[in-house]
Engineer: 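This is the structure, below, for whatever I ask next.
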Amino acid sequence: MAEHKRIVHPLLLFTLYALLLLPMSSTTIVTRFAPSPTGYLHVGGARTALFNWLLARHTGGKFLLRIEDTDLARSTEEATRQLLEDLRWLGFHWDNAELVFQSKRLPIYNAVIDNLISRGLAYKAYETNEELTAQRSQAERAKRQYRYRRPALTDEQIRQYESEGRPHVVRFAMAVHEYRFDDAVLGPNQGFAAGEVQDFVIRKSDGMPTYHFGVVVDDEEMGITHVLRGQEHLLNTCNHIALQEALGYPRPIYAHLPVILNPETGEKLSKRDRDQKIRKRAGEVMRNTKKSPADLAAITGLPLDRLTEWLANDKKQLDLSEQPKVMKAVGLREADLPEIMVHDFRKNGYLPEVLNNFLALLGWSPGGDRERMSMEELVSLFSLDGIGKANAKFNRDKLLAFNTEACAAGSTNARMVEAMRDFLSVNPDSPLREASDHDIEQVLQMNHGFHILREPDDKSRFLFIPDKQVEYQTDALDKVLRKNESQGAKALREVRAALEQVEPWNAGQVEQAIKAFCDQRQIGLGKVAQPIRVAVSGSAVSPPIFETLEFLGRARTIARIDRCLSSL
RNA sequence: GGCCCCAUCGUCUAGAGGCCUAGGACACGGCCCUUUCAAGGCCGCGACACGGGUUCGAAUCCCGUUGGGGUCACCA
């Protein structure tokens, strides 16, 4: 039976190849992340950045960064610096060498706005904030939906307002009809009806463009092809496509990501959640201890009016210097607060690649059972169709488990030392900063099984402080050394002599000696190990004792035992 | 409240009409290991929101109900 062999003509092959490539090269995917610099990056923003970055890297496209600093009151240079640092930490490298700052692009926006005004597609509006609020509440009282539509001003009125030099905004005269667009995640035909249309502000009275306007103009200029952002922007998209149509811009592909929810409240995860938690706790403490705001003010040293205002108003937030004072007063530790900022995760010792892995799973899945992925794997597996529609609660337990696993898997290599160094760079109070790479490697090994880098740090600080500075915890002394007529102290005194004989001093020999000691006395290892632990570390919890003693060395071990015994 | 989006274990999810007695991960419970705290091993518990259709057959398609979320700024 003759096999039907087909010869493909090389020219045909070339043509097919070219056909395939041409449209590809002319539609290189360009994504962007466009945060506003008002503080550290939070996980919601990080997830948005991640998805945009992944799409660009997966397709060999570009990922651009733009700073939306049009809110003069809230944007700061410090925040921009923090934002960039967080993005670098996460490993999202952007492809525009020159960062785009919206605040530096006013002439460009104004030229476009002038053009719109001259075409009758935008106009100056002179209402004050108070007038607008009044109009809104009037509508609310009448149970009517408020929609701003162009007021009919006479030429006379306009002349008068202008001669008075009245402040004004510029609004976009949005054509009243239905707006529809296709969403790569939510499907076709998203949008709103004509009844929802209103003339939104495109230039504020301080001369800055609004978000809606800046986004549209800049996305066009930067050649953005795909906009991935949170679902809270879904309806904003109608404003954006209206503007694009008026300006003759092409429409990018939109993909709206599920919202990340606070597992406790079920609402959108917000920077304010930490503050809320402190306020809630403060309220409880005051009720339980019958303390007044004045008492709290006295304890924290904060002004009473400031404190009462904060207590009463959910919208008010403590600033970074006030927060720790109130936390201390109401017995909250940093670890009790939910991490929300990327910086918090860094400071607590999560690995950036793990945070990314976890964040990627919030609203996206590669399909099947696949969960643990390196950055490289995320890049190669990422695709728009893996993005889900349903909102996701931010569950820290799973992140913690991922981090534990990743640290355990990599705890012997240079990556973990590097990670620990990075952790220490944002935790300047740790004595481990003075440790050598070799010491750090040992600390990490001794603490194998830790969840976050904060744990080996916490549990190993005693190794890096002078013997004199070891602080003995009273409850540990009581429970381990003083209880039962000082059995523990007695064992400690006796094992001290045995330890002096150990030669050479290493974990194996120390173990042998201590175990021999236990056998001889017919007591359990715990009866001896715990007293030693308390003596050298000050607490009942430490890394495994034999390794700990090897690390400390004989002299320091004996010195700490002596000091502990004499303090009883 | 208007408009919009969504709906599988407690949580994150797999699932594209028969591969589903619904899979995985985390959490949780039990046992084991153990010098503390952990980590680890083994086993277990646990979901298609509800009601109607369509179909030989529905977690999967359609409609409704309920529930949750988002959004209604001169913030982004």
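Lettering of chains follows the sequences in order, A, B, ..., and the numbering in each one begins at 1.
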Engineer: Choosing from B/rU13, B/rC74, B/rU11, which nucleotide comes nearest the side chain of A/Leu132?
Structural biologist: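 Selected nucleotide: B/rC74.
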Engineer: I'd like to know if A/Glu371 reaches the base of B/rG24 with its side chain such that a donor and an acceptor end up less than 3.5 angstrom apart.
Structural biologist: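 Flag set: donor-acceptor pair detected.
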Engineer: For a quick check of understanding: with a heavy-atom distance under 4.0 Å over all strands, which category does A/Arg370 fall into, base, sugar-phosphate or nothing?
Structural biologist: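 The answer is nothing, as A/Arg370 stays clear of every strand by at least 4.0 Å.
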Engineer: Within the 4.0 Å heavy-atom criterion, would you say A/Asn236 contacts the bases, only the backbone, or no part of the nucleic acid?
Structural biologist: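 Counting heavy atoms under 4.0 Å across all strands, the contact made by A/Asn236 includes a base.
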Engineer: Considering just the side-chain nitrogens and oxygens of A/Arg74, establish if one lies under 4.0 Å of OP1 or OP2 belonging to B/rA76.
Structural biologist: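 So the side chain of A/Arg74 is outside the cut-off, no N or O lying under 4.0 Å from OP1 or OP2 of B/rA76.
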Engineer: So does A/Arg136 get a side-chain nitrogen or oxygen closer than 4.0 Å to the phosphate oxygens (OP1/OP2) of B/rC74?
Structural biologist: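 For A/Arg136, the contact criterion (side-chain N or O under 4.0 Å from OP1 or OP2 of B/rC74) is met.
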Engineer: Using the side-chain heavy atoms of A/Glu267, tell me which of these nucleotides is nearest: B/rA76, B/rU11, B/rG69.
Structural biologist: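 So the side chain of A/Glu267 is nearest to B/rG69.
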Engineer: Considering every strand and a 4.0 Å limit on heavy-atom distances, what is the contact class for A/Asp397: base, sugar-phosphate, or nothing?
Structural biologist: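 Sugar-phosphate contact only.
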Engineer: Which part of the nucleic acid, if any, lies within reach of A/Ala390 when heavy atoms closer than 4.0 Å are counted: base, sugar-phosphate only, or nothing?
Structural biologist: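 Sugar-phosphate: the residue A/Ala390, judged by heavy atoms under 4.0 Å, touches backbone atoms but no base.
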Engineer: Using the salt bridge (Lys or Arg N to Asp or Glu O under 4.0 Å) rule, pick out the option among A/Lys459, A/Arg454, A/Arg461 that qualifies with A/Asp457.
Structural biologist: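 Output: one option passes, namely A/Arg461.
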Engineer: Strictly below 4.0 Å: does A/His451 bring a side-chain N or O up to OP1 or OP2 of B/rA39?
Structural biologist: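 Yes, because at least one side-chain N or O of A/His451 sits under 4.0 Å from OP1 or OP2 of B/rA39.
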Engineer: Does A/Glu511 reach a base, just sugar-phosphate, or nothing at all? Heavy atoms under 4.0 Å.
Structural biologist: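 No contact.
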